[in-house]
There are 2 protein chains.
Amino acid sequence: MGKTASQMTKRMMQASSIKEVAALAGVSIATVSRVVNGVANKASDETVERVRKAIATLDYRPTSAGRDLRRRTSRLVAVLAANLANPAMTAIAASAEAALRENGLVMVLCDTHDQPELQDEYIREMLAQQARAIVLLGAVDSFMLRRAQESSIPLVFVNRRAPDGPMRGFIGIDNQRAGEDVARWALARGLQNAVLIHAPTASSATRERVQGILAGFAAAGTPLGTSRVLAPQAPDHLRIGRDAALDLIRGCDRPDLVICTSDLIAFGVARAWREALPGQQAPRLIGFDDSPMNEWLAPNLNSVRIPYEAYGRAIVEALLGGDRCATIVLAHQIIERQT
Amino acid sequence: MGKTASQMTKRMMQASSIKEVAALAGVSIATVSRVVNGVANKASDETVERVRKAIATLDYRPTSAGRDLRRRTSRLVAVLAANLANPAMTAIAASAEAALRENGLVMVLCDTHDQPELQDEYIREMLAQQARAIVLLGAVDSFMLRRAQESSIPLVFVNRRAPDGPMRGFIGIDNQRAGEDVARWALARGLQNAVLIHAPTASSATRERVQGILAGFAAAGTPLGTSRVLAPQAPDHLRIGRDAALDLIRGCDRPDLVICTSDLIAFGVARAWREALPGQQAPRLIGFDDSPMNEWLAPNLNSVRIPYEAYGRAIVEALLGGDRCATIVLAHQIIERQT
DNA sequence: AAAACGAAGGAAAACGTTTTCCCTGTTGTG
DNA sequence: CACAACAGGGAAAACGTTTTCCTTCGTTTT
């Protein structure tokens, strides 16, 4: 009663543990483990060869549960993103995923929706999973985050700094400088009548961008009055932009440039203009982040590009570097699509 | 020499295993485990209460490695997406993430870039991680995929069907019908001179959409001749759209409608038109997928909307339903932005 | 020639759970 | 009263690794 090959496969798919490899190679499981982990000086070349062959035959891979249990750590790296609806964040996440997997790590992606409770829930879960590290892609202040900061798990803050202030495992562009650059860019083009729309300043990224922009205009002797700075309350950036734009449209003094602290805000502005004043061109716009799709979709949007592709490598570097306070500043660049 | 509270916290952050809980509650670890897992009839109410309190005090969570090892399964669900640069995919992934976590599962997100080798690598890794299930968000045919299909791990195919044909754990819209609907929509608006641009038909979704569209036009007695169907080779959908549009622009017979099997293709068409013929309006466009951002960014793009928010629930349902061949058809809807 | 050392590899402990037995009352049931 | 049934709970095995000790050789150093 021989089984067919496919039936055998079905039966065999399940496991193939280290024991079977050891049996097949005629060695102890300790030796197999050592070969798998490349421990030197513990196996002769021919033994290594035999084990390798057995591993290949059985298509063996160490079960992570066993390894994690013993090593008290796992290959999981949690990426807690503030908002996956933002193309800029998903672009960074994609970059992180590629870089992590190149280093044998696995990305777990979560969306905290910028809510402390959800972020805490995820941090708890990831600690239970013995995650190797936690990457906060737009952190919000929360209880477990502060606890995690005191523990030994590596934390990397991307784009937004750690809640309690000082540089600490931070990766991102120099937002203040980027803000200043935007101001300079505007002034160099003779745009005198700018308006700034920004998101809530709970985010350090937004805060620093705003500071930079204001500082830039002030330094040129043409400070932005408070009447030219808008920050409406709204559930998301798109709506912040729309609401602010509707305000502008109602007013009489039309700006010649609208500066937004994120591209999403700019999208909202553009849409409001389009719908409220059909046929009439929206004012010149500049935003931040410049997601990869902008090139195709938003031909009129100027933006400060952050180097997505670079984030993944930077994150891995910060993680494996061991330095818990490494700060990696990435280069930004103004993309001009409509002068 | 008493330690400060913060020092204590630091020391304590590490573990808090089931043993400590048991000790604190004055019971055996077996009892703690039973309380955690809600096993009935194995502990008196007061014991349960004591254990609960101990768990709360120590902020205990079962370490997944231990649990996974014993149970030979984990809470990880792998989502293998074909292309994270596509906003439609990330929207579905976000929906999946939320639904999974509501059911105590954790999403691992990977980008296969539509490459069989990479998909295989991920499948291997996820099998080693003892993933609870694998969700293929745009599967490509590959060796390990076929092997996985023969094994016992739950597989869910989203948008694209399993490579070897028959309905099998499939979730998505009825692409053929959607295609027919698009044809009807076009004809009802008197658009006689349509052109179809489509991606490679290795994807069942694309194939079925194309079939539906062609069938729809044919049924009305106005079949789309082969000269009106374009499918250029290009590394991604955006470029497929651009290349096809450049072809159209070179030709003399301008279409009154361009049908694209994905919105990304449509974005490419729009861009090509914009750049090749500045100031001149692109032809009427209709695409598929209608990512959430379209509403803000692509005011002129008609599209067949797939119900993102519904995917997460459907995926979980297919996973937990136990039926390995469940097919969940979601409802599509034509979004008309420019008539 | 004795001592020391290094290479090769095995046995077994440990990691933190879950779960299967088992044991001890207590409570019906005949 | 005998006996079953059951509630409550503990001891210990098992899951698949990694790693710490050992042991056994063969080689080099004194």
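Proteins come first, then strands; the chains are lettered A, B, ... in the order of their sequence lines, and each starts at number 1.
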Next item on the list: Would you indicate what V27(A) reaches in the nucleic acid, counting non-hydrogen atoms under 4.0 angstrom: base, sugar-phosphate, or nothing?
Entry: sugar-phosphate
Next item on the list: Could you check how far CD1 of I18(A) sits from P of dC15(D), rounded to whole Å?
Entry: 14 Å
Checklist line | Closest-nucleotide ordering on DNA chain C, the 5'-leading residue of A43(A) and R70(A) | finding: A43(A)
Next item on the list: Mind listing the closest non-hydrogen atom pair of L145(B) and V140(B) along with its distance?
Entry: CD2-O, 3.5 Å
Next item on the list: For A30(A) and for D45(A), locate the closest nucleotide of DNA chain C by heavy-atom distance; then report the residue assigned to the nucleotide nearer the 5' terminus.
Entry: D45(A)
Check: OP1 or OP2 of dG10(D) sitting under 4.0 Å from any side-chain N/O of S28(B)?
Finding: yes
Check: S16(B) and Y60(B): which non-hydrogen atoms are nearest, and at how many Å?
Finding: O-CD1, 3.1 Å
Check: Can you list every side chain to side chain donor-acceptor pair (under 3.5 Å) pair that touches residues 124-136 of chain B, not counting sequence neighbours?
Finding: R61(A)-E125(B), S64(A)-Q129(B), R75(A)-E125(B), T73(B)-R132(B), E125(B)-Q129(B)
Item checked: Atom pair distance, as rounded to whole Å: NZ in K42(B) and P in dC6(D) -> 13 Å
Check: Has S44(B) got a side-chain N or O lying under 4.0 Å from the OP1 or OP2 atom of dG9(D)?
Finding: yes
Note to self: Without decimals, in angstroms, what is the distance between L69(A) CG and dA14(D) P?
What the structure shows: 17 Å
Margin query: Looking at R313(B) and E102(B), is any side-chain nitrogen of the basic one under 4.0 Å from a carboxylate oxygen of the acidic one?
Written below: no
Checklist line | Nearest non-hydrogen partners of L137(B) and A93(B), listed with the distance | finding: CD2-N, 4.3 Å
Check: More 5' along DNA chain D: Q130(B) or N41(B), using each one's nearest nucleotide?
Finding: N41(B)
Next item on the list: Please state whether the phosphate of dT18(D), meaning OP1 or OP2, lies under 4.0 angstrom from any side-chain nitrogen or oxygen of R67(A).
Entry: yes
Next item on the list: Identify whether any heavy atom of T31(B) sits under 4.0 Å from a base atom; if not, whether one sits that close to sugar-phosphate; answer base, sugar-phosphate or nothing.
Entry: sugar-phosphate
Note to self: Should the side chain of R34(B) and the base of dG10(D) be counted as holding a donor-acceptor pair, with the cut-off at 3.5 Å?
What the structure shows: yes
Note to self: Mind checking if N37(A) touches a base, just sugar-phosphate, or nothing, with heavy atoms under 4.0 Å?
What the structure shows: sugar-phosphate
Check: Is R71(A) near enough to dC15(C) that one of its side-chain N or O atoms lies under 4.0 angstrom from OP1 or OP2?
Finding: no
Margin query: Using a 4.0 Å heavy-atom cut-off, does S64(A) contact any base of the nucleic acid, only the sugar-phosphate backbone, or nothing at all?
Written below: nothing
Note to self: So, does T47(A) get its side chain near the phosphate of dG9(C), meaning an N or O under 4.0 Å from OP1 or OP2?
What the structure shows: yes
Check: Is there a side-chain polar atom (N or O) of S33(A) under 4.0 Å from OP1 or OP2 of dT18(D)?
Finding: yes
Next item on the list: Answer with base, sugar-phosphate or nothing: what part of the nucleic acid does A65(B) contact at a heavy-atom distance below 4.0 Å?
Entry: nothing
